[in-house]
> 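The structure is given below, and queries will be raised subsequently.
Chain letters run A, B, ... following the sequence lines, proteins first, then strands; residues in each count from 1. For the numbers below, each heavy atom of this structure counts, side chains included, while hydrogens, waters and symmetry mates do not. Because the structure is a prediction, the values reported are computed rather than measured.
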Amino acid sequence: MTHPLRDDCPLEYNLFRRQLLGGGIAFIGLAAVPYGVAAFADTVPNMPLPKFMEVSSLLINHQLNGDVGGRLATAMGVAYPDIEQNIDAILVIARKNNAKIVEDFYPDIPPGKLQDAALAIISAWYSGVISEELGSEVYAYELALMYQPASDVMTIPSYAISGPNGWNASAAPLADMPKF
Amino acid sequence: MSDNYSADVVVVGTGVVGCTVAEHALDAGLSVLMLEAGPRVERWQIVENFRNLPPSLKANWDAAYPPKPWAPHLETYTDASAAEYLQLEGPDALAYRQGYVRYAGGATWHWAGICWRLTPEDMKLKSLYGVGRDWAFDYNTLEPYYTRAEYALGVSGPSDPALQWPPMRSKPYPMGQLPFGPGEQRFTDVAAKIGLHNLPAAQARNSGVSYNGRPACCGNNNCFPVCPIGAKYDAATTLPRIEAKGGVILANAVVYRVETGSKNAVQAVHFFDQDKVSHRVTGKVFVIACNGIETPKILLMSKNEKNSNGVANSSDQVGRNMMDQPKISAQITMAEPLWTGVGPVQSSSIMNTSQGDFRNVHTGALFRMENAARSRVGGLAALKKGLVGKALDAEIRRLSACTATLTIEHELIPLPYNRLTLSAKKDWLGLNKPNIYYDVSDYVRRSTATYTLPILKQLMAGLGTTDSQINNFYTHSDHIMGGCIMGTDPSTSVVDADCRAHDHDNLFLPGGGAMTTGGSGNSTLTMVALAMKASDAIVSQLKAG
Amino acid sequence: MTLRTRCLAIAFSLLILSGIPAVCHAGDANGIDTASVQRGAYIATASDCTACHTAQGGLPFAGGMAISSPVGNIYSSNITPSVSAGIGAYTEAEFARAIRKGIRKDGANLYPAMPYTSYRTLSDDDVSDLYAYFMHGVAPVDLKPQQTSLPFPMNIRLSMKVWNLLFLDSGTFAADPSHTADWNRGAYLVAGAAHCSTCHTPRGFLMQELADRGFTGAQVGAWYAPNITSDPLSGIGTWNQAGLVQYLQTGSLAGNARAAGSMGEAVEHSFRYLSAADINAIATYIHAIPPVRDPGDAASRFSYGQPSSAVVTLRGQNGVRSDDDSAPSGAELFQGNCASCHGAFGQGSKDGYYPSLFHNSATGLANPNNLIAVILNGVDRTSAIGQAYMPGFGGHPSDMNQLSDAEIAALSNYVLSQFGRSGIVVSSNDVAQERLGGPSSPLILLARVGMGLAVFVVLLCAILFSFWYRSRQNTGRLKIS
């Protein structure tokens with residue numbers, strides 16, 4: 001009976017969650033002060049937010065929420081201790097290519113740890129988790145980007161699609177893409 | 001606190017059946033005490049639990065409902081966790097991994113809300129096809145109870161008899177049909193081309209208007225695991241009303257023994273609270289309605305000197321004839337979009353495939369497309385492909401739109417070897433876990449090989465399937481039936497036509513367990529109809545004194 | 001007896017004998033003027049008689065509806081033409097006296113929950129048509145409804161005579177020739193049938209309307225009827241004619257307001273059935289009410305807030321929980337109870353059916369009672385565009401979601417800070433009071449204290465007098481033989 005996310009579950013799983021939570025809580029305060037990272041950089045082993053947001057915006061050409069970014073940055077900093085170096089390297093490649101969108105520089109990211117880091121960041125924003133293992137914490141659901149490409153037709157489950165009986169059998173063409 | 005638990009009607013289980021009986025008894029002026037093994041929870045918590053689940057767990061119905069130690073239910077995370085509580089054996093053991101939450105409100109928290117009726121033929125399998133059993137009464141006898149059940153739950157359905165299943169109704173549906181989304185419309189069109197009728201489902205979901213103080217469906221597409229707004233009927237929505245009418249509900253009260261006394265009448269039930277302290281509850285009439293697994297389990301655990309095979313078990317049928325609808329699922333990818341996720345997670349089915357003369361050779365089945373939004377599955381699959389940018393977005397959209405799950409649910413006839421017994425393994429309270437042997441039988445397997453799989457493949461072809469994965473094993477539909485089977489002959493059945501135990505005049509066992517046959521459709525409406533019938537009998541029995 | 005009255009009397013006797021519903025399709029055969037009955041039906045709709053005189057699930061106009069007032073529940077009477085239980089024995093003059101002066105056939109006073117202070121402005125013709133409708137267009141119901149019994153001393157109806165002397169004006173509506181016919185028609189309807197001021201005008205200590213503060217807003221039971229003058233900050237000055245018409249006809253003006261409580265009922269039972277001309281006339285008049293500003297309003301109540309959400313930080317924080325003995329934050333309660341329909345960002349649904357919580361008067365008013373009331377009691381309002389429905393969250397014991405006073409306070413404070421007017425704080429006590437039907441009045445207590453004091457003073461005088469009398473006796477001034 002060891003469910004990692006339950007509040008009445010054994011201690012070892014609670015610790016895992018508290019560890020992430022601790023980082024998260026520290027970052028709630030941080031998120032309120034967008035670029036005031038310096039004060040916290042010494043207390044939590046994590047990623048500076050501005051850099052994380054910069055690389056995220058280059059890898060994902062959509063609107064990204066700064067508060068969610070703050071939580072992801074902290075969590076990824078804990079889960080991937082060398083992520084800051086990888087992000088620095090990816091940013092170098094992006095700047096070299098004068099990149100505005102991900103297609104401008106992604107092919108030049110070498111396979112291996114840099115590409116893995118890039119895909120991990122993309123996956124985090126899209127799925128709202130940084131690990132799909134049992135017990136992974138959810139940083140975004142309503143704002144998880146993977147629900148956006150089909151959002152003109154299907155609802156994000158547990159949210160209303162319309163008023164009562166306000167939906168019908170028509171659907172937008174597959175070639176459309178919602179703006180997000 | 002002294003043990004003074006007593007009421008005219010003691011109801012064990014606060015699911016849809018228990019709540020139906022409780023409310024009926026309260027309306028008739030009787031006192032009611034309800035005992036629920038698990039906790040009372042707030043709807044908003046379950047909704048937030050669901051949203052807080054990682055995407056890979058959102059499909060697990062139980063992940064939003066962590067069980068209490070004293071009221072364990074199936075946990076589906078891993079095979080190891082799934083083997084904790086239900087002890088399953090037999091060639092189709094996997095197919096009896098039944099999901100039911102042990103919370104106040106019961107399994108309707110997470111049901112799909114579908115309310116098919118049995119057909120007249122479904123109730124006469126033995127006389128018509130030489131298989132299974134005949135019910136103790138016919139469709140016409142059950143029909144008024146179906147109507148009452150539909151009005152009690154608030155069922156929406158089509159007004160055109162050509163779209164009704166079956167089109168034998170004394171009153172219209174309480175509410176009109178919910179609109180189809182694009183997926184259901186396309187599936188309907190494809191099915192029609194091969195002579196199959198995909199009908200709008202009768203469903204306990206408020207259609208366009210409020211009903212019984214609950215709002216109308218707004219397409220949350222979250223019916224399982226939980227309707228965030230109570231537009232789908234679930235028994236939890238009735239609990240405050242039951243209390244407002246004077247019903248008393250005790251949560252975290254696990255009944256473990258039925259006590260019989262003089263004339264073999266039931267005198268009391270005993271329950272453990274969450275501190276493992278035992279309490280005794282007396283009453284005039286006892287109703288055990290904790291679903292088709294927990295009810296026979298309690299009866300078997302209650303064996304005593306006079307009832308050496310278990311309470312209500314002189315027939316040896318308690319725990320036998322376990323039924324469900326063995327399911328085959330197929331994951332398909334199509335060339336053209338289907339588009340799920342618009343409207344409820346299930347809103348239609350092909351039912352005519354469940355009926356026919358072939359039933360003397362093999363069973364029938366229903367077919368359906370699942371309407372749960374595929375964006376989660378599609379998104380996760382696309383992310384695994386290492387795509388970025390526009391290509392990633394396009395692939396997510398494509399997989400969201402062009403993939404689906406198709407389902408076949410076969411009817412299973414009552415077979416005495418499909419049996420629930422008490423496992424030697426004990427749970428946290430020291431009570432036997434349930435052990436179930438399950439073999440769907442050749443009657444079902446023959447159907448899959450020669451009838452249902454070919455139809456499924458035709459549907460898949462009609463949908464323009466480019467890639468598919470069809471399970472070669474049966475899975476559960478969570479429609480637990482048969483363990484307290486109804487019949488006129490006390491030597492071969494557990495309860496009579498009013499769900500009264502043959503052996504004990506004041507013990508009623510309405511619900512799935514009492515169903516003589518299950519048909520291919522979801523069992524809940526029939527369970528509620530039986531609960532209504534039992535309630536009438538309980539009230540007249542008590543008023544007669 | 002005039003021909004008309006005789007014919008009415010005959011018709012009435014026929015009704016009693018036959019027991020058939022009093023809709024006389026035969027028309028003038030019994031001397032009944034069907035046109036008058038039909039006009040009366042329309043005026044009754046415009047006056048929304050049914051809102052009070054038809055109980056929930058009760059027969060039309062049979063009374064028994066509990067109207068909560070700050071001094072207790074007042075039950076509406078049976079106004080069907082039943083002789084034993086309703087107004088079947090009323091003459092037209094007695095009917096008019098009830099409507100205009102608040103006096104029953106037996107001479108007892110009605111409480112001004114019956115808005116006779118407004119209905120007194122109805123024209124003689126309209127009152128006559130109303131009488132025809134209630135006598136011949138409504139089925140008699142021989143069931144006596146629950147009687148009103150307010151706490152002492154309010155149960156002494158005689159006190160209403162004094163109140164009426166002080167506060168009841170007389171006379172029917174007089175048109176103002178300096179305004180258009182449209183405006184005058186609107187003024188007539190607003191002052192009389194629609195009786196808007198009985199809710200929207202604040203009342204004094206003795207519960208009389210304060211005419212000099214007309215339409216500037218008042219608490220009505222659990223709901224607050226806001227300022228509807230044309231002030232752009234405190235009233236509805238930002239609305240145009242079309243918007244106001246739409247609001248009256250449907251109860252809904254997206255990005256502004258949705259009608260609930262008594263206003264929702266008024267839309268459902270009255271405004272939606274009025275002719276387009278009459279609705280437009282009402283809108284013309286209301287639109288022209290001179291602006292009255294509340295100095296506390298820095299912005300319009302429809303303009304507050306923007307999309308925002310706590311999910312950015314809240315999502316995933318609490319994991320999966322099975323217990324309900326935690327004290328949830330307002331944000332959690334919002335996410336779990338409200339966001340499914342109102343959106344994770346409070347933006348409502350794309351089709352506008354579920355309103356946004358910003359740009360919404362319920363969260364933009366300085367008085368948060370409407371927000372509390374709607375959370376407790378929900379919305380159920382049907383108009384030509386269908387049913388607008390929100391469930392209540394504990395206002396009824398049978399509501400499927402029962403939120404406590406503390407929970408509703410936390411939720412309200414979250415909603416107000418995220419989407420509404422800042423600086424408004426809701427306490428558990430505020431919610432508890434709303435749950436009971438709104439603020440109560442100290443009137444009863446003070447009246448009793450006042451009467452107690454009066455009795456004390458009288459007794460004291462009597463005692464003092466007796467001492468004086470005896471002392472005078474003892475000094476021989478008064479000879480007693």
> Sort C:Y389 into side chain, backbone, both or neither according to what part of it lies under 4.5 angstrom from a heavy atom of chain A.
neither
> Just wondering, do C:L365 and C:N370 contact through their side chains at under 4.5 Å, heavy atoms?
yes
> Would you say that C:Q317 contacts A:R71 through its side chain, given a criterion of any heavy-atom pair below 4.5 Å between the two side chains?
yes
> Between C:F334 and C:F419, is the ring centre distance below 6.0 Å?
yes
> Return the option, out of A:A160, A:S162, A:S158, A:G128, with the maximum number of heavy-atom pairs under 4.5 Å with chain C.
A:S162
> Let's test your reading of the structure: which of C:C341, C:S309, C:A339, C:G352 forms the most heavy-atom pairs below 4.5 Å with chain A?
C:A339
> Tell me, side chain or backbone of C:S349 under 4.5 Å from chain A's heavy atoms, or both, or neither?
side chain
> Charged N to carboxylate O under 4.0 angstrom, A:D82 versus A:K113?
no
